[in-house]
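Sequence lines set the chain letters: A, B, ... in the order given, protein chains first and strands last, and positions in each chain run from 1. From a predicted model like this one, the values you see are computed outputs, not experimental measurements.
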Amino acid sequence: MPELPEVETVARGLRGSLLGRTITGATVGWSRTIGRPAMDEFMARVAGRRVILVTRRGKYVLIGLDRGHLVIHLKMSGRLQVTPAGEPPDPYVRVLFDLDDGRQLRFQDTRKFGRVYLVDDPTEVTAGLGPEPLAEDFDLHCFRQLLDRRRGRLKPLLLNQKFLAGLGNIYADEALFAAGLHPLRTVDSLTPDEQMRLYEAIRTILGQAVDSRGTTLDDKGYTDVAGQAGAYQDQIAVYGRAGEPCLRCHSPIERIVIGGRSAHFCPCCQGKRS
DNA sequence: AAAGCACCCTGTACGC
DNA sequence: TGCGTACAGGGTGCTT
C-alpha cells in the first residue's frame, strides 16, 4: 500500500521520465477514477499540456502542468508506470496518458479506489493535510505542539492525515514499535521522553523506508515507476508479523483491531503503560 | 474532538 | 475441485 516512502519513490521516478514531456492525450477506462472535472472535460483539458514539475504532498503525487495540476492518490492498489510504446495493455489500467515521446503514463488500479484530479491549484485537494513529517522545519517542538492539540489513541492518530501527512498502516505500526509505544496508548499519557521517541521514530522509519524505495510485501504489491519492487519489507519489524517472534525480545507479535484497522505490536517491547 | 461504522472495490484466503 | 463468504486496505462521510 503506497504510503509516503512509496509515493516519494514514485514521484522521483516520474520526475525523471515526465519532466518536459507533453501529454498528447488521455484515455479513461474507469470514469470514477477521475475525481474532477468530469471525464470528458478531464480528457479535453489534459491534452496538449506539458509537465513542468513533479512533487509529492502526503500520499499524493503532484504533477504540475503548464496549465493546471494533476493530483493523484494511489490509495491501496494504484500504480503509476511509464511504459515504452507498444507495451501490451494491462487489464487494470484506469487512466492512460499518451506522451509526446511515444511512451505512456499508465495509472493502474485493481481496487479502483485511486483518484486522479485535474485542478488549477493542488491545495484544492490537499488543503486538509497535516505537516510533512520529513520536512526540515518539522522539528520536535512542532510535533509537541501538534500532540498538545490532540487526544485519543496513538494508532488512529498516526493514521489521521490531518494530524500528519503520509503515514499509513505499515509505517504507523513500525514507528510505534521503534518508539516502544503501545498503539492503544493515549496522546495525553505520553511523557516528554516518549513524545521525543515517537518523533524520532517517525522520522527515522520514514527516512529509512524512502532510502529503501518503499515496501513491497508481495508480487501484487507496490512497485515504482519502472515496475521495480522496494526493499523495506526486509526491515519490517511488526507489520503483518502476527504470531511471529519479535526481532528484539522474541515474544510473539500481536495483532489487534483499532478503529476498524489492524495494528501489529510486540506486547513486551511496547508496554501498555509508560 | 474522538470513536465507530458503512462505503467504495476486488483478489485472495479460508471453510465446507 | 469448486463454491460461497469474509477480509484487507485509505480515506470520506455520517452518526453517536
| remark: Per atom distances to the A/R150 side chain, the nearest of C/dG10, B/dC8, B/dA2 is B/dA2

| field | Between P of B/dC9 and CG of A/D109, the distance in whole Å | value | 10 Å

| query | Within this structure, what is the CD1-to-C1' distance between A/I258 and B/dA2, rounded to whole angstrom? | reply | 14 Å

| Under the side chain to side chain donor-acceptor pair (under 3.5 Å) rule, what pairs show up with a residue in residues 62-76 of chain A, not counting sequence neighbours? | A/R49-A/D66

| request: Would you check, one step at a time, whether the test ring-ring contact (aromatic ring centres under 6.0 Å, His included) holds for A/F177 with A/Y239? | output: CA-CA 10 Å; A/F177 174 79; A/Y239 184 83; over 10 Å; no

| task | Give one of base, sugar-phosphate or nothing for A/S77, where a contact means two heavy atoms less than 4.0 Å apart. | result | nothing

| task | Whole angstrom is fine here: how far is it from CZ in A/F163 over to P in C/dG10? | result | 17 Å

| query | With a 4.0 Å cut-off on heavy atoms, is A/G152 in touch with a base, just the backbone sugar-phosphate, or nothing at all? | reply | sugar-phosphate

| field | Test side chain to side chain contact (heavy atoms under 4.5 Å, CB included) applied to A/A47 - qualifying residues, sequence neighbours left out | value | none

| task | Output the rest of the hydrophobic cluster of A/V71: all Ile, Leu, Val, Met, Phe, Trp and Tyr residues reachable through side-chain heavy-atom contacts under 4.5 Å, sorted by chain and number. | result | A/Y60, A/L62, A/Y117, A/V119, A/V125, A/L129

| Mapping A/R151 and A/R261 onto DNA chain B by nearest heavy atom, which one lands closer to the 5' end? | A/R151

| remark: 5'-most contact on DNA chain B (nearest-nucleotide basis), A/G260 vs A/N160, goes to A/N160

| Within this structure, what is the CZ-to-C1' distance between A/R185 and B/dA2, rounded to whole angstrom? | 18 Å

| field | Estimated bend of the helix from B/dA2-C/dT16 to B/dC16-C/dG2 (axis per five terminal pairs, rounded to 10 degrees) | value | 60°

| field | A/R261: salt bridge (Lys or Arg N to Asp or Glu O under 4.0 Å) partners, not counting sequence neighbours | value | none

| Any A/R255 side-chain nitrogen or oxygen under 4.0 Å from OP1 or OP2 of C/dA8 | yes

| A/T110 vs B/dC9: side-chain N/O to OP1/OP2 distance below 4.0 Å | no

| For A/Y92 and B/dG11, is the shortest distance between a side-chain N/O and OP1 or OP2 below 4.0 Å? | yes

| task | Please state how far atom CG in A/L147 lies from atom P in B/dA1, giving the value in whole angstrom units. | result | 15 Å

| query | Under 4.0 Å between a side-chain N or O of A/K75 and OP1 or OP2 of C/dG9? | reply | no

| field | Distance, rounded to the nearest Å, where A/L159 contributes CG and C/dG9 contributes C1' | value | 11 Å

| Hey, is the side chain of A/H73 poking within less than 4.0 Å of OP1 or OP2 on C/dG11, counting only N and O atoms? | yes

List the atom pairs, donor and acceptor, that lie under 3.5 Å between side-chain atoms in residues 19-34 of chain A and the rest of the protein, sequence neighbours left out.
residue : atom : partner : partner atom : Å
A/R21   : NE   : A/D100  : OD1          : 2.6
A/T24   : OG1  : A/D98   : O            : 3.2
A/T33   : OG1  : A/W30   : O            : 3.3

| said: Within the supplied structure, the quantity of interest is the number of heavy atoms (other residues, nucleotides, ligands) at a distance under 6.0 Å from A/Q228 CD; does it exceed 12? | reply: no

| Considering only side-chain heavy atoms of A/K112, which listed nucleotide, B/dT10, C/dG9, C/dG11, is closest? | B/dT10

| field | Modelled atom types, side-chain donor and acceptor of A/R106 and A/Q108, under 3.5 Å | value | no

| Whole-Å distance separating the NZ atom of A/K155 from the P atom of C/dG10 | 8 Å

| task | Determine if A/F113 stacks with B/dC8; use a centre-to-centre distance below 5.5 Å and an interplanar angle below 30° as the criteria. | result | yes

| said: List the residues meeting side chain to side chain contact (heavy atoms under 4.5 Å, CB included) with A/A172, not counting sequence neighbours, and say none if there are none. | reply: A/K155, A/L158, A/L159

| field | OP1 or OP2 of B/dC9 under 4.0 Å from side-chain N/O of A/R32 | value | yes

| query | Can you list, by residue number, the residues of residues 226-242 of chain A that have a non-hydrogen atom closer than 4.0 angstrom to DNA chain C? | reply | A/Y239

| For atom NZ of A/K162 and atom P of B/dA3, their distance in whole Å | 14 Å

| task | Assign each of A/V125 and A/R111 to its nearest nucleotide of DNA chain C by heavy atoms, then name whichever residue's nucleotide is nearer the 5' end. | result | A/R111

| query | For A/R151, does the CZ atom sit with more than 12 other heavy atoms under 6.0 Å from it, leaving out its own atoms? | reply | no

| said: Which Ile, Leu, Val, Met, Phe, Trp or Tyr residues join A/I52 in one cluster when any pair of side-chain heavy atoms under 4.5 Å counts as a link? | reply: A/L53

